[in-house]
Every structure is written in structure tokens, then in C-alpha cells.
Amino acid sequence: MSSSYETFFRSFARAFRYVFRHVFRSFARAFRHVFFFFAVAFRHVFRHVFRSFARAFRHVFRSFARAFRYVFRHVFFFLAVGLRSGLSLFLGLFLRFYRAALSLLSSLFSSLFSSFSRLSFRFPPRFPPRFSPSFSPRFSRLFWLRFSPRFSPMFFALFLLHTISLFFRSTLTRFRLLLLLLLEQRHRFLYALYHLFFLLPFYPLDSRKDAPRLLPSFSGIGDKYKGELLLSGICDWGGQRLSRPHPFWSPISASSSWLSYCHGFSWLSDLRAYASSSPSSDKQLLAVRFAHERLSDWLLRHEHWSWEFWQPDLVRIRLTTLLYHYDWYSPAFSDHSRARLHRALYAHYRHLRRLSRLCNNRNNLLGSNRLSNSLGVSIGFASSEERLLRLIACVIGGLCFGDSRGRLRSDERSLCRELDSQVSSGDGFWFGRKADSHLGIMLSLLEAKSLYGLAQFLPPECLLSALDRMTPALKMLRSSDGGVTTLQGSLESDSRLVSRVLSRVQVRGRTPLSSRTGGIERMESGKGVVLIDSGSGVILPSAFHASPGAFEFSYGKDRIVVSCSLSGLRSSVFYGTVSRFSRTSAAHSMLCLGDRNAFSLGRFGTRRARVSVERVLGESGQPSLSLRHDGYRDIFGLTISRDFHLSSSGSCLFGQDRISTDFSYSRHIFSPIFLSRLVNLRFALRFHIHPSVRVFLLRNSREAILKPDNRPGFRFRSSGAFDLSVSESLYGGGGDFLSTRQLVLSGEISSSIFEEDFLLPWRFEHETDE
């Protein structure tokens, strides 16, 4: 009996041990899995939380670092400007005092000698007769005195008063300039502080999911070849070609122009042009699907604000482009993704309004941009063109989304102030003088005008008036091929776009031939068109090109002589250097002396060129024009005149450059410093040729053949013992960097420049007219 109990007890113990062991193992294994799950979950949560805090701290630190960098850079800049202004002020004051003292002493001695010759012995030697010294014209108004024993202290008191007035006048001018610079940097600093608000996790604050009520009509021109390349994986944007970039939105080797084109969605016009060029539904479906995939991916990655991809100019371009093409790509979106797209579009519009309120005219202490434009200082962190286009985009966005009437009227008032300050009230030229910017502003104004008609609102009177004034100016800026001129760093633009804009405005009248505000002269006869730069660089010296007398010659569909026009290319590698080079005199088709610019470049440049133009119409209807500028007078004491004669058929252009001595500046011309500068002074007469024209130099080195594609060419001739050569050049008027050629007439100015003028005749003749 005991053995059976023992056996049962052992069996029960064994079973209990077996069950307990397996249950314990199961609980241990389950606890281990639960612990491992919680450990992995805690690790993922901690990693993401830590990464989020690190990313937020990094953004905050970057914002403070950028703000500190802005402050430190501009404080150092102000100190440098103040030091330079003080030195220039002291030197200018010393030179004025020195010249005044020399002039006064010379006039006093000459008067003393002439008076002592008329003395009689009835007067004591210490009381000479009364006389009025013959001062220079500048001081004769101030120092009309009699020679007496009280003359010396009175003279020095008045001279000191005059010197203080000159000092105060110069200081006031510089103080006004520094005040404008402080205003500009104040807006930059405020924009840097706004980044702390933009970095909030719930920004953008706008969660509106309604579709746009109105849509602007797209009137741009797309490149179907670029659209076809994009579908095959090749992105040819901004003068740079990348094959299957990875990652698509930020490849390592991409330039800033490529990224601007990519994140601005300007390639949608190329895709749409490619889809509409073929009636095949497969191509259209493929293009729409590609646009949908890329746009959905961008919303997933960059929907929230970031420093790189939410720059103000990118926000404006992206908003207007997505609104222009909304009816083309939106059917491919689902309801959920379409609501997300609407929220992003409205957030772009509200973000752009916040940025526009930051730098509009109401924030200017001086109340208007006219003073800042005349001194070449841009108020706000945006350029004048960008500020105007941003306000137009705000008006377009307000009309599309049906925003409140109060916000729309506020944007209209700001837009009217900008149009009044930037568009000339006389001939309608945009004060920046770039023809492609003039065309872009007119195109944006036309889109806003059409939206006002769809919304059944009356457009502002300033908008209609600006369009009426700018249309004749656009007609004047056209070349013979239908595009706009490349003077002042402009791009050619598509002739179809220019024709479309002019047809929509419908302003009739003759094309003007001269504009002093725009600084452009036009000569037109037959198929030939000559556009001449007559600007002096006084209105906006920080953006003007040193090109008084530069010209562009086009015949029919061919552009023959152009400018380099590289300032429109915004590449991260080349833009700083190229933009500075494109403003020099050597980058234009004009005469250069001693490898110097015709006037100073930059904000603080003091050497400007006075330009005078005289237009004559010949007996047989041949237009002629004579232009004269004194840009080299302060350096070499020389003035340059250019004569243009265009034949009645427009196929022959005759020109002559004349270098003459300005004898009204003779006090400086015959000084040893000026004479040493004129020794071995070299000149270079440049003619930049369009890349579509081939250049062949003949054996006699006096002539050259200019051959367009499959059309009769031109023959360039020059008379005189000058060296004619063909050298390399660059051209950016078509939107890309292209290698081209330039004709250069070079030599030394003869020593007989003081006796007779130095002449440089040249001409372009069509081969069929010889």
C-alpha cells in the first residue's frame, strides 16, 4: 500500500514538476517577449523623440546662428562703410580746402600785383586802395570783399563757414544712405526672427481644404523637348543637365538655378507642352501621372516650412505655377490627396501674404521707394522686381481662393504703391530696364486682370494704367525676330510669348523710337532693327550696366550683334562672378579705353556718364543717330561719340566711334597725372556675335564674314591700321551658358589726340547687297 502511494506521489510530483516547468518556461518566454517588445518600442519612441528634439534644437540653433551672422556681418559692414565714408570725407574736404586755398592765393597775388602797379604815393603803404579780388566762380558768390585791415579774419571766418556747410551737406547725403541701409538690414533681421515662428510644428496655421474658386489661364510657353527628356529621366534645367537625379528634390551636384526650377514646378509647363503636342492619349496620361507622382512626393516631404525650399521667391513661383496648371493635373488626385493639395496651396498663399506685409512700403520710414530707387538701395530683403511680383501673386491668390474683400483691398493698395514707384508715369518703362522683367511683370498683370473679370470685380485703375503705359515700351524693346533685347542683362524670351502679351493688351499706336527714362534708342528700317543703350546709370546705379552706347543689331530672324547678357543666369557656382562681369563695359558691344568701365559699378560709385543723343533722318529715309558720353572724362579727359547710320532696307549698318579731347576739362588734361595715363593708352572696340552666327576672319585681317544658318550672311569691314581679331566670348541671353565669338578692333590711341579726333569707322553689310 505504501509503495502504491509512493508511486502515485512520485508520478504526481513528476507531473507537477513537468507542468510547473513548462508553465514557468512559457511565462518566462512570454515575459521575455513582452519585455523585448516594450524595450524595442521604448527604444524606437526614445530614438524618434530624441531625433525630433535634436532636429528642433538644430533648427533653432541654425536660426539663431543665421540671425547672429546677419547682425555681425552687417554691423561689421556698417563700420567698414562708416570708416570708408569718413576717409573719403576727410580726403574730399582736404582736397577742396587745398584747391580753394590755391585758387584764392593765386587770385590774391594777381590782384595785388595789378593793384600795386596802379598805386600812388598819396596812400600809405599799409592802406592799399580798395579792390575786389577776382575769385573763381565757386567762391565769388560767397567772398565779395574789399581789401582792408579787417579782411583777413573776416575771410577766414567766412571760409570756415563755407567749409562747414560743405561738410554738413556731404554728411547729410551719407547719413540718408546709411539710414536706407539700416532699414534694409532691419527687414533682413526680422525675416531671420520669423524663422522661429515658421519652425513651429503646427505651422502652416491654415487648414483650409476648399478648392480654388477661380483659376488663372496659363499663357506661358513650355518646351516640349524638355518635357520629353524629363519623362525619360533627364532633367535639363537652369543650364545644367542631370540624368536620373537621386534624390530627386535635392541631388548633391545640383545648382541653385536647377533647384529653383525643380521646386518651383516650372517643369509642369514643359510637361503640358509635351502632352498637348501629340494627340496620343497615352502621352497625356503618362505626363499627368508623372506630375501627380512628383507633386504627391513633394507634399509628403516638404509640406512644412523649411529654410531651403520655402524661400519667398520659390513660394511665389510654386503657388502661381500650381494654380496655372491646376485644371490639368488635379483630376489624377484622389479625394484625400486633393484635400491635402488644397490645404498646401492655401498655406502657400497665406505664407506669401505674411512675407509681403513684412517688406511693403508701409514699413519704410521714408514712406516711398522713390528715394531708395534713386540711390540704388533696395528696401526690404527682396529686390524691387520680386517685391512687385509677390504683390501681384497675392492679388491672384486672393481672387482664386475668394479671400475677404478687406485683404484684397489691402493688397491692391500695396500693389498700386509699387506700380507708381517702379513704372514710369511718362513712357511706361520699368525702372530696372531689363526687358524680360518688363515682359514678366506685364504677363502677371494680365493674369490678374483676367481674374478680376472672372470674379466680376472692377480691377484697380493703377493696374489698367500700368498696362497701357508699359505696352508701347514693350513694343520698343522688341528685336526683329520678335523677342526682346538682351541689353542690360536681359534674356531673349520667346517671340510667341511677346506676341501673345501684345495681342491681349490691344493698345494701338506707333512704336516709340526714343526713351530717356528707359535709356533706349531704337532705329528701324526694313528688316533691320538697332537698339542702343543710352542710359547713364544715375537712376539705379547698383543694377545698371556700364554700357553707354552699346547696341544690338538684328536683321529678319537673325540676331547679329548682341551683349553677353549673363546676369539672368542664377547659378550657385558662377552667379556672383558672372553677374559682376556682365555689368562691365567689356561684356557689351561698345568701345572700351584702358580696360576700364565707362562708369563706376556698385552702390557707392561716384563716376557716372552723361549721355546726349541726337537723331537725324536722312533725305532718302535712312535713320541716323549720334550718341556722346563722357564716362572716361574723369580718368583720361576723353569723350566718346558713336554715329549710327542704317540703310533704307535695314541690311547695312554703318558706324563710327570718335574719341575726342574735352578741352573744357583742360585744367586736368594737361596735368602730369593725366598725361601719364594717355601714354600707350589702348582701346578695344568689341562686337559680341550671337551663337547662331559663325564668324570667319579673312586673310587681310580687315574683314570678317558672319554667316547665320542657311541664310545669307554679313560682311564686317573696318578701315584704318587697327588689329582685327576674333576671340572667345560667352552668351546667356537664351537662358543657358553658350560659347560664342566676338570681333575686337584694338590698338593704341595716337599722340595727335589733342590736335584732331581719333576715328574708328566700321560697318556691317549684307552679302546680297554688295
(request) Could you go through the side-chain contact (heavy atoms from CB on, under 4.5 Å) check for Asp481 and Ser495 one step at a time? (result) CA-CA 7 Å; Asp481 61 348; Ser495 58; 6.0 Å; no
(request) Take Leu463 and Leu467, measure what side-chain contact (heavy atoms from CB on, under 4.5 Å) needs, and give me the verdict at the end. (result) CA-CA 6 Å; Leu463 190 148; Leu467 281 174; 4.0 Å; yes
(request) Quick one: do Phe265 and His325 satisfy ring pair (Phe, Tyr, Trp, His ring centres under 6.0 Å)? Show the steps, please. (result) CA-CA 10 Å; Phe265 290 93; His325 302 282; over 10 Å; no
(request) With ring pair (Phe, Tyr, Trp, His ring centres under 6.0 Å) as the test, would you mind laying out the steps for His304 and Tyr203 before giving the verdict? (result) CA-CA 7 Å; His304 295 281; Tyr203 187 83; 8.9 Å; no
(message) Determine whether Ser479 and Val484 satisfy the following criterion, side-chain contact (heavy atoms from CB on, under 4.5 Å), listing intermediate values before the conclusion.
(response) CA-CA 6 Å; Ser479 297; Val484 295; over 6 Å; no
(request) May I have the step-by-step check of side-chain contact (heavy atoms from CB on, under 4.5 Å) for Leu322 and Leu295, ending in yes or no? (result) CA-CA 10 Å; Leu322 292 179; Leu295 186 54; 4.1 Å; yes
(request) For salt bridge (Lys or Arg N to Asp or Glu O under 4.0 Å), just list the numbers for Arg241 and Asp236, CA-CA rounded to whole Å, side-chain angles, deciding distance to a tenth of an Å, and then say yes or no. (result) CA-CA 4 Å; Arg241 174 174 290 194; Asp236 188 7; 3.3 Å; yes
(request) I would like to know whether Arg417 and Asp420 meet salt bridge (Lys or Arg N to Asp or Glu O under 4.0 Å); could you show each step before the answer? (result) CA-CA 5 Å; Arg417 282 193 294 267; Asp420 291 340; over 6 Å; no
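Remark: aromatic rings of Trp328 and Tyr326 are distant, center separation not under 6.0 Å. Between His690 and Tyr731, the distance separating the two ring centers is shorter than 6.0 angstrom.
Applying the salt bridge (charged side-chain N to carboxylate O under 4.0 Å, His left out) rule to Arg469 yields no partners; only residues at least two apart in sequence or on another chain are considered. For Asp403, the salt bridge (charged side-chain N to carboxylate O under 4.0 Å, His left out) criterion is met by Arg407, not counting sequence neighbours. In this structure, the salt bridge (charged side-chain N to carboxylate O under 4.0 Å, His left out) partners of Asp494, at least two apart in sequence or on a different chain, are Arg496.
Here the side chains of Trp298 and Glu303 are not in contact, with every heavy-atom distance at 4.5 Å or above. In this structure the side chain of Ser356 never reaches within 4.5 angstrom of the side chain of Ser414, judged on heavy atoms. No side-chain heavy atom of Asp427 sits under 4.5 Å from any side-chain heavy atom of Pro512. Looking at heavy atoms from C-beta onward, Leu445 lies in side-chain contact with Ile392 at the 4.5 angstrom threshold. Using a 4.5 Å cut-off on side-chain heavy atoms (C-beta onward), Pro460 and Leu464 make no contact.
Between Leu389 and Gly440, the shortest heavy-atom contact is CD2-O, 4.3 Å. Of all the heavy atoms in Leu388 and Gln422, the pair that sits closest is CD2-OE1, 3.8 Å. Contact record, Trp430 with Glu385: CZ2-CB, 3.5 Å, taken as the closest heavy-atom pair. Considering every non-hydrogen atom in both Thr485 and Arg559, the closest pair reads CA-NH1, 4.1 Å. For the residue pair Thr320 and Ala393, the shortest heavy atom distance occurs at CG2-CB, 3.9 Å. Of all non-hydrogen atoms in Gly519 and Arg433, the two that sit nearest each other are O-NH2, 2.9 Å.
For the pair Arg213 and Phe401, the NZ or CZ position fails the cation-pi test of under 6.0 Å to the six-membered ring centre and within 45 degrees of the ring normal. Trp310 carries Arg318 over the face of its six-membered ring, with the cationic atom under 6.0 Å from the centre and within 45° of the normal.
Under the 30°/60° scheme for interplanar angles, the aromatic rings of Phe333 and Tyr329 are found to stand perpendicular. Ring-plane geometry between Trp305 and Phe198 is classed as tilted, the angle between the planes lying from 30 to 60 degrees on a 0 to 90 degree scale. Ring geometry, Phe290 versus Phe248: the interplanar angle exceeds 60°, so the pair is classed perpendicular (tilted spans 30 to 60°). Between Trp237 and Trp267, the ring planes lie parallel to each other; the angle is under 30°, not in the 30° to 60° tilted range.
A salt bridge links Asp411 with Arg353: the distance from a Lys NZ or Arg NE/NH1/NH2 to an Asp or Glu carboxylate oxygen falls below 4.0 Å. A salt bridge is absent between Asp313 and Arg316; no separation between the charged side-chain nitrogens and carboxylate oxygens falls under 4.0 Å. The residues Glu447 and Arg504 are annotated as salt-bridged, a charged nitrogen and a carboxylate oxygen being separated by less than 4.0 angstrom.
Residue Leu474 is tested with Val505, Val501, Ile441 for a side chain to side chain contact (heavy atoms under 4.5 Å, CB included); the sole match is Val501.
A donor-acceptor pair shorter than 3.5 Å can be found between the side chains of Asp270 and Tyr261. Between Glu552 and Ser563, the side chains place no donor N or O within less than 3.5 Å of an acceptor N or O (distance only, hydrogens not considered). Between the side chains of Ser490 and Asp436, at least one donor-acceptor pair of N or O atoms lies under 3.5 Å. Ser565 and Thr486 share no donor-acceptor pair across their side chains, judged by distance under 3.5 Å alone.
Counting heavy atoms of neighbouring residues, nucleotides and ligands inside a 6.0 Å radius, atom NZ of Lys224 does not exceed 12 of them. The 12-atom threshold is not exceeded at CZ of Arg244, counting heavy atoms of other residues, nucleotides or ligands nearer than 6.0 Å.
In this structure, Cys262 and Cys235 have their SG atoms no less than 2.5 Å from one another.
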